[in-house]
Every structure is written in structure tokens, then in C-alpha cells.
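Everything on this sheet refers to the single structure shown next.
Both ligands and their constituent atoms are indexed starting at 1 by order of listing.
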Amino acid sequence: MDKIEEVVDKVVKGEIELHKVDEILDANAAMVARRLAIERITGKGLPSIGSTIIDYAEIKDRNAENVIGATQIPLGVAGPVLIEGDYARGGFLVPLATTEGALIASVNRGMKVLRLSGYVKTKIIRDGMTRAPVFSFDSAIEAYSFSAWVKENFETIRKVAERTTSHGKLKSVEPFQLGNNVWIRFEFDTGDAMGMNMVTVAAEAVSSFLEERFPGARCVAVSGNMCSDKKQSVTNELLGRGKTVVAEALIPSEVIEKNLRTTAEKIEETNLKKNWLGGARAGTLFQFNAHFANVIAAIFIATGQDVAQVVESSTGYTWVENRSGNLYISVTLPSLEVGTVGGGTRLPTQREALSIMGVDGGGDPPGSKARKFAEIVSAAVLAGELNLLSALSTRELGKAHMRLGRGIKL
Ligand SMILES: CC(C)(COP(=O)([O-])OP(=O)([O-])OC[C@H]1O[C@@H](n2cnc3c(N)ncnc32)[C@H](O)[C@@H]1OP(=O)([O-])[O-])[C@@H](O)C(=O)NCCC(=O)NCCSC(=O)C[C@@](C)(O)CC(=O)[O-]
Ligand SMILES: NC(=O)C1=CN([C@@H]2O[C@H](COP(=O)(O)OP(=O)(O)OC[C@H]3O[C@@H](n4cnc5c(N)ncnc54)[C@H](OP(=O)(O)O)[C@@H]3O)[C@@H](O)[C@H]2O)C=CC1
């Protein structure tokens with residue numbers, strides 16, 4: 001019996017935990033052994049899951065545990081979209097990974113219309129990744145003194161934080177108090193990284209330092225939910241998280257009529273009554289848009305972003321004005337969390353997808369690639385909004401999805 005078979009046998013018999021296989025076999029052999037064991041246990045063949053170009057030696061201890069293979073998702077491109085931003089300048093093809101038929105066509109048509117109208121303008125209006133540990137005290141008075149000290153001693157705290165990272169720069173500290181508890185919301189410039197590991201490590205170092213400085217302080221959790229990571233929150237909406245980005249364009253009436261078969265007036269009414277009034281009636285929080293999540297999720301999957309952060313990255317607002325038949329449209333994304341280094345961006349297909357947009361790896365200066373990427377994402381979101389609002393205004397949504405979602409020609 002070869003070594004892999006021997007390990008598979010032991011896993012099936014319950015003598016070895018799945019994750020312990022990594023201690024016996026090299027990463028790629030361990031991945032195969034786990035998959036074979038699961039095939040035996042479930043009686044299901046998993047050759048598709050096992051068929052992958054990923055080198056598990058590169059993944060182990062970095063991106064996933066108990067790995068048995070990979071999931072594959074179709075990848076398409078939309079564009080080019082023309083952008084005149086501070087970092088993204090020129091035409092960009094945007095990779096989108098999705099299983100929703102008509103989505104890429106939707107963004108593609110939106111980009112075509114934007115292209116025919118000139119350049120999308122983009123602006124990053126703030127940038128910073130946050131972590132907010134929660135500290136507990138015996139009394140609210142102690143908690144208040146702690147908050148005051150933290151605010152007055154930014155420079156000391158910055159030095160402690162920045163010892164843990166060469167790219168992370170502490171930008172601000174903001175205390176929030178509830179009774180005898182205090183959350184310190186640290187905000188960092190994280191260069192080209194999305195930055196969650198970076199700011200967590202730095203926040204842990206500062207928390208230990210503060211506990212030493214204030215014997216009455218107890219850090220209950222390094223993430224106290226006022227960060228707020230992978231959750232929507234008023235804090236994120238007002239103060240921002242990751243990058244706060246705006247993209248805008250002006251679409252001439254003839255471009256709308258010829259390519260979208262609708263008018264600025266109809267798109268404006270659809271935006272007001274669907275995105276805003278419908279959103280208000282439904283009690284929607286922070287998502288007065290049509291489908292930011294579609295575009296954000298597809299780009300996140302394609303480029304190795306943390307997909308759980310679609311939760312707050314897809315919050316935001318679509319604003320439309322009928323300007324004498326021409327259409328002004330903008331999207332505002334308060335919490336777009338993206339990186340071009342770190343996390344899943346190092347995986348092979350994800351890195352290639354980033355390279356299509358010229359945003360793979362670190363920028364010079366650091367931070368410039370992640371900001372360029374954020375501007376491209378905002379332009380893609382704008383294209384998706386413009387197109388879906390148009391398709392809804394002409395009642396083409398169902399038809400499009402019959403054709404591109406079910407393969408039925410009407
Ligand atoms: C599907 C279209 C674009 C057809 O649009 P069309 O105008 O009927 O098609 P067309 O054949 O005349 O092509 C026009 C352009 O569309 C693009 N296009 C056309 N076909 C393709 C294709 N196969 N692949 C790539 N691009 C395509 C392409 O840019 C093309 O221009 P060309 O390059 O030919 O000069 C249109 O009907 C449409 O956009 N429909 C809406 C679909 C949509 O937006 N779906 C989004 C997902 S819906 C959802 O998930 C969220 C939701 C709706 O529930 C949220 C909510 O509640 O609002
Ligand atoms: N720990 C947590 O609480 C959470 C973690 N995550 C996960 O965190 C990961 C993302 O964390 P993140 O910190 O972005 O990535 P990584 O942990 O992968 O770290 C990024 C690294 O890149 C280095 N680096 C090299 N060049 C640059 C550059 N140009 N700009 C910035 N950094 C550079 C940084 O070094 P240096 O720091 O020395 O400067 C840092 O070590 C994802 O996998 C995500 O899923 C998500 C949510 C929560």
C-alpha cells in the first residue's frame with residue numbers, strides 16, 4: 001500500500017483527523033488523500049473538485065485548511081470602460097466571475113454606453129481600514145479617562161501599532177463609550193493590502209500595550225464589531241471602511257435612446273421609485289441601489305478579495321438626474337474593501353485577473369494600485385446600475401434572463 005493509500009485508509013477508519021494529514025504528507029499529496037478519503041466515506045466521486053492547477057504547497061498555512069481541491073466559477077470580461085480617475089486612467093477590461101447568466105452582458109452593455117458617452121470620473125473621498133477592540137472597566141469614569149488618554153496620546157499609540165507592519169500607517173483613533181465599555185476604532189492606511197490581517201495584528205499589539213498602561217482595562221475582544229467587518233453598520237456608512245469611492249458619468253440622450261431604448265426621464269423615475277422609494281418602503285438600510293452586490297461579488301471572486309466583505313462593500317447609493325434629456329448618474333460606495341496584495345490575490349487565476357486591469361501586486365507608491373483597483377470597481381458598479389435601471393425601465397429583465405439565464409430564445 002502506498003503512503004497516500006495508507007493515510008486514506010486511516011482517515012476513513014477515523015484514526016486520523018482530516019487536518020492531521022498535513023503532518024504526514026506534503027501539501028499536494030495531503031490534498032489528494034483527503035479527497036480520496038471523502039470519496040470513500042461518501043461513496044461519491046469528486047474528480048472535478050480534484051482537478052485544479054493550484055499548488056497546495058502555496059496555499060497551506062496561507063489561504064485555506066482541510067483542502068480537498070478547488071471550486072471553479074466561469075470568468076468573463078466586460079468593457080472596456082473608460083475612466084478618468086486619480087489612479088485609474090484609460091480603458092479597462094473588467095473580469096467578472098459569476099454563474100448568473102446575463103450579469104456580464106449587463107455590465108458589458110453598461111460599459112459600452114459609458115464608453116460612447118466619454119469617460120467615467122472617479123474619486124476616492126477617504127481611505128482607511130479599521131479594527132475596533134472592545135475594552136471593559138469597573139466603571140464608566142475609568143472608561144472615560146481611558147478614552148481621553150487614548151485620544152491625547154495618538155503619537156505613542158501610532159508607534160506601538162506601526163512596529164508590527166512596514167506598510168500599515170495609523171491614521172486615527174476614535175473611542176466610542178457605552179457604560180463601562182469602550183471601543184477604540186483604529187483606522188490604518190494599509191497600502192495595497194485590503195489590510196484585515198495587518199490591522200488586526202497592529203490592534204492586538206496596541207491592546208496589550210494599553211492593558212499594561214491601564215491595569216483596570218481588559219481587552220474583551222480585538223474585534224468589538226464597531227470595526228465593522230463583514231457586517232453592515234451605520235458606523236461604516238458614516239465614517240467609511242476600506243475605500244469610500246464615487247463614480248459619475250453624463251450620458252447624452254441620443255446614446256440612451258439608441259443603445260438602451262429608453263430615456264433619461266424613465267431611468268430617473270425607475271431610480272427614484274425603485275432604488276429610493278422602494279428601498280425606503282422595504283426598510284432597506286444603506287443599499288439604495290439596484291445591484292451593487294452583483295458586480296462587487298463577481299469582481300471579488302475573480303480577483304481573490306475576501307468575498308464575505310461583499311456585505312459592506314456592496315452598500316451604497318445610486319443617484320440619477322434627468323438633465324434636459326441627458327442623464328447624470330453616480331454611484332457612491334462608502335465601504336469598498338479591496339486589495340491587490342495579500343489574501344487571495346496571490347492565487348494564480350486571481351492574480352491573472354488583477355493583471356488584466358494592471359492592478360496585480362504592490363503599487364509605486366504603495367497604495368496606488370489598490371486605489372486604482374477601487375476606482376475601476378466603482379466604474380464597473382456604475383455600468384451595472386446604468387444598465388439594470390435601463391433594462392427595468394423598458395421591462396426587459398425577464399426576457400434577458402430567459403435568453404441568457406435559461407438559454408431560451410423568445
Ligand atoms: C442582456 C442585455 C444586455 C441585452 O441587451 P440588448 O440591448 O437587448 O442586446 P443587444 O444584442 O442589442 O446588445 C447590446 C449590447 O449589450 C451587450 N451584450 C449583449 N449580449 C451580450 C452577451 N451575450 N455578452 C456580452 N455582452 C452582451 C453588448 O455590449 C452589446 O453591444 P455590442 O457589443 O453588440 O455592440 C439586456 O437585456 C440587459 O442588460 N438586461 C438586464 C440584465 C441584467 O441587468 N441583469 C442583472 C442581474 S439582475 C439581478 O441579479 C438583480 C435584481 C434584478 O434582482 C436586483 C433588483 O432587484 O433590481
Ligand atoms: N485577521 C483578521 O481578523 C481577518 C483576516 N481576514 C483575511 O485577511 C487577509 C487580508 O489581510 P491583509 O492584511 O490584507 O493581507 P495579508 O495578511 O496577506 O498581508 C499583506 C502583506 O503584504 C505585505 N505587503 C507587501 N507589499 C505591500 C503593499 N504594497 N501594500 C501593503 N502591504 C504590502 C504586508 O507587509 P507589512 O505588514 O509588513 O507591511 C503584509 O504582510 C485575507 O485573507 C482576509 O480573508 C479577513 C478578515 C478578518
Side-chain angles (χ1 to χ4, degrees), residues 62-64 76-81 96 98 100-116 129 131 161-169 188-204 221-223 227 229-230 242 258-262 270-271 274-275 278-279 282 284 287 289-295 297-298 300 304-309 318 337-347 361-371 383-405 410:
R62 283 172 176 272
N63 292 101
V77 288
V81 60
L96 299 154
T98 185
E100 183 180 7
L103 175 59
I104 300 169
S106 170
V107 179
N108 200 34
R109 188 173 72 159
M111 286 185 177
K112 174 187 170 184
V113 171
L114 290 171
R115 206 164 55 233
L116 291 170
M129 181 44 81
R131 197 36 124 191
E162 292 181 10
R163 263 182 232 140
T164 64
T165 167
S166 55
H167 288 86
K169 307 283 170 233
F188 288 85
D189 185 321
T190 58
D192 294 299
M194 176 274 282
M196 273 320 295
N197 281 338
M198 191 189 282
V199 303
T200 300
V201 170
E204 273 172 353
V222 70
S223 169
C227 317
D229 191 40
K230 303 179 179 173
K258 185 157 176 235
N259 296 281
L260 299 169
R261 302 180 287 278
T262 185
T270 307
N271 186 53
K274 169 195 170 53
N275 284 347
T284 300
Q287 284 181 306
N289 67 60
H291 69 147
F292 282 21
N294 261 339
V295 180
F300 273 32
Q305 308 304 307
D306 188 328
V307 182
Q309 290 180 330
T318 298
E337 296 147 331
V338 290
T340 61
V341 300
T345 64
R346 54 194 291 282
L347 273 62
D364 183 15
S368 53
K369 276 224 180 135
R371 290 190 191 115
E385 290 297 289
L386 171 62
N387 186 69
L388 179 52
L389 286 174
S390 303
L392 287 166
S393 78
T394 55
R395 300 173 65 176
E396 288 174 19
L397 184 66
K399 196 172 92 187
H401 284 257
M402 288 292 273
R403 179 163 73 83
L404 293 171
L410 296 174

Requested in this report: Measure from atom 21 (C) of ligand 2 to the protein's non-hydrogen atoms and state whether any distance is below 4.0 Å.
Outcome: no
Query raised in the report: Tell me: protein heavy atom nearest atom 30 (N) of ligand 2, and distance?
Result: D192 N, 2.9 Å
Requested in this report: Test H291 against every option in T318, L389, L388 by the side-chain contact (heavy atoms from CB on, under 4.5 Å) rule and name the one that passes.
Outcome: L388
Query raised in the report: Looking at atom 19 (O) of ligand 2, what's its closest protein heavy atom, distance included?
Result: G342 CA, 4.5 Å
Query raised in the report: Which residue holds the protein heavy atom closest to atom 12 (P) of ligand 2, what is that atom called, and what is the gap in Å?
Result: G195 N, 3.6 Å
Requested in this report: Number the atoms of ligand 2 from 1 as they appear, then name those within less than 4.0 Å of a heavy atom of G362, with their elements.
Outcome: 29 (N)
Query raised in the report: Under 4.0 Å from any heavy atom of M194, which atoms of ligand 2 are there?
Result: 10 (C), 14 (O), 44 (C)
Query - Location of contacts on K369 toward ligand 2, heavy atoms closer than 4.0 Å - result: neither
Query raised in the report: Which protein heavy atom lies closest to atom 3 (O) of ligand 2, and at what distance to 0.1 Å?
Result: R131 NH2, 2.7 Å
Requested in this report: Starting from atom 17 (O) of ligand 2, locate the nearest protein heavy atom and write down its residue, its atom name and how far away it is, to 0.1 Å.
Outcome: N197 ND2, 2.8 Å
Report task. Go through the side-chain N and O atoms of N387 and S106 and say whether any donor and acceptor fall under 3.5 Å apart. Result -> yes
Report task. Name the closest protein heavy atom to atom 13 (O) of ligand 2, giving the residue it belongs to and the distance to 0.1 Å. Result -> M198 N, 2.9 Å
Query - Backbone of A290 reached by a side-chain donor or acceptor of E385 within 3.5 Å - result: yes
Requested in this report: Go through ligand 2 atom by atom and flag the ones less than 4.0 Å from a non-hydrogen atom of T190.
Outcome: 30 (N), 31 (C)
Requested in this report: State whether the shortest distance between N or O atoms of S166 and N or O atoms of ligand 2 falls below 3.5 angstrom.
Outcome: yes
Report summary line: of all protein heavy atoms, closest to atom 42 (C) of ligand 2 is G343 CA, 3.7 Å
Requested in this report: Answer side chain, backbone, both or neither: which part of N63 comes under 4.0 Å from ligand 2, heavy atoms only.
Outcome: neither
Hey, what polar pairs (N/O, under 3.5 Å) does ligand 1 make with protein?
{"unit_1": "ligand 1", "atom_1": "5 (O)", "unit_2": "R109", "atom_2": "NH1", "d": "3.4"}
{"unit_1": "ligand 1", "atom_1": "7 (O)", "unit_2": "R109", "atom_2": "NH1", "d": "2.9"}
{"unit_1": "ligand 1", "atom_1": "7 (O)", "unit_2": "R261", "atom_2": "NH1", "d": "3.2"}
{"unit_1": "ligand 1", "atom_1": "7 (O)", "unit_2": "R261", "atom_2": "NH2", "d": "3.0"}
{"unit_1": "ligand 1", "atom_1": "8 (O)", "unit_2": "R261", "atom_2": "NH2", "d": "2.9"}
{"unit_1": "ligand 1", "atom_1": "26 (N)", "unit_2": "N108", "atom_2": "ND2", "d": "2.9"}
{"unit_1": "ligand 1", "atom_1": "31 (O)", "unit_2": "K112", "atom_2": "NZ", "d": "3.2"}
{"unit_1": "ligand 1", "atom_1": "35 (O)", "unit_2": "K112", "atom_2": "NZ", "d": "2.7"}
{"unit_1": "ligand 1", "atom_1": "39 (O)", "unit_2": "N387", "atom_2": "ND2", "d": "2.5"}
{"unit_1": "ligand 1", "atom_1": "44 (O)", "unit_2": "S106", "atom_2": "OG", "d": "2.7"}
{"unit_1": "ligand 1", "atom_1": "45 (N)", "unit_2": "H401", "atom_2": "NE2", "d": "2.9"}
{"unit_1": "ligand 1", "atom_1": "50 (O)", "unit_2": "E100", "atom_2": "OE1", "d": "3.2"}
{"unit_1": "ligand 1", "atom_1": "50 (O)", "unit_2": "E100", "atom_2": "OE2", "d": "2.7"}
{"unit_1": "ligand 1", "atom_1": "50 (O)", "unit_2": "N294", "atom_2": "ND2", "d": "2.9"}
{"unit_1": "ligand 1", "atom_1": "57 (O)", "unit_2": "K274", "atom_2": "NZ", "d": "3.3"}
{"unit_1": "ligand 1", "atom_1": "58 (O)", "unit_2": "K274", "atom_2": "NZ", "d": "2.4"}

Query raised in the report: In terms of side-chain heavy atoms, does T394 have a donor or acceptor partner in E396 at a distance below 3.5 Å?
Result: yes
**Report entry** atom 45 (O) of ligand 2 - nearest protein heavy atom and its distance
**Finding:** D306 OD2, 2.7 Å
Query raised in the report: Purely on distance, is any nitrogen or oxygen of G363 under 3.5 Å from one on ligand 2?
Result: no
Query raised in the report: Out of Q309, R346, H167, whose heavy atom is nearest to atom 35 (O) of ligand 2?
Result: H167
Requested in this report: Check whether any N or O atom of K230, backbone or side chain, sits under 3.5 Å from an N or O atom of ligand 2, and answer yes or no.
Outcome: no
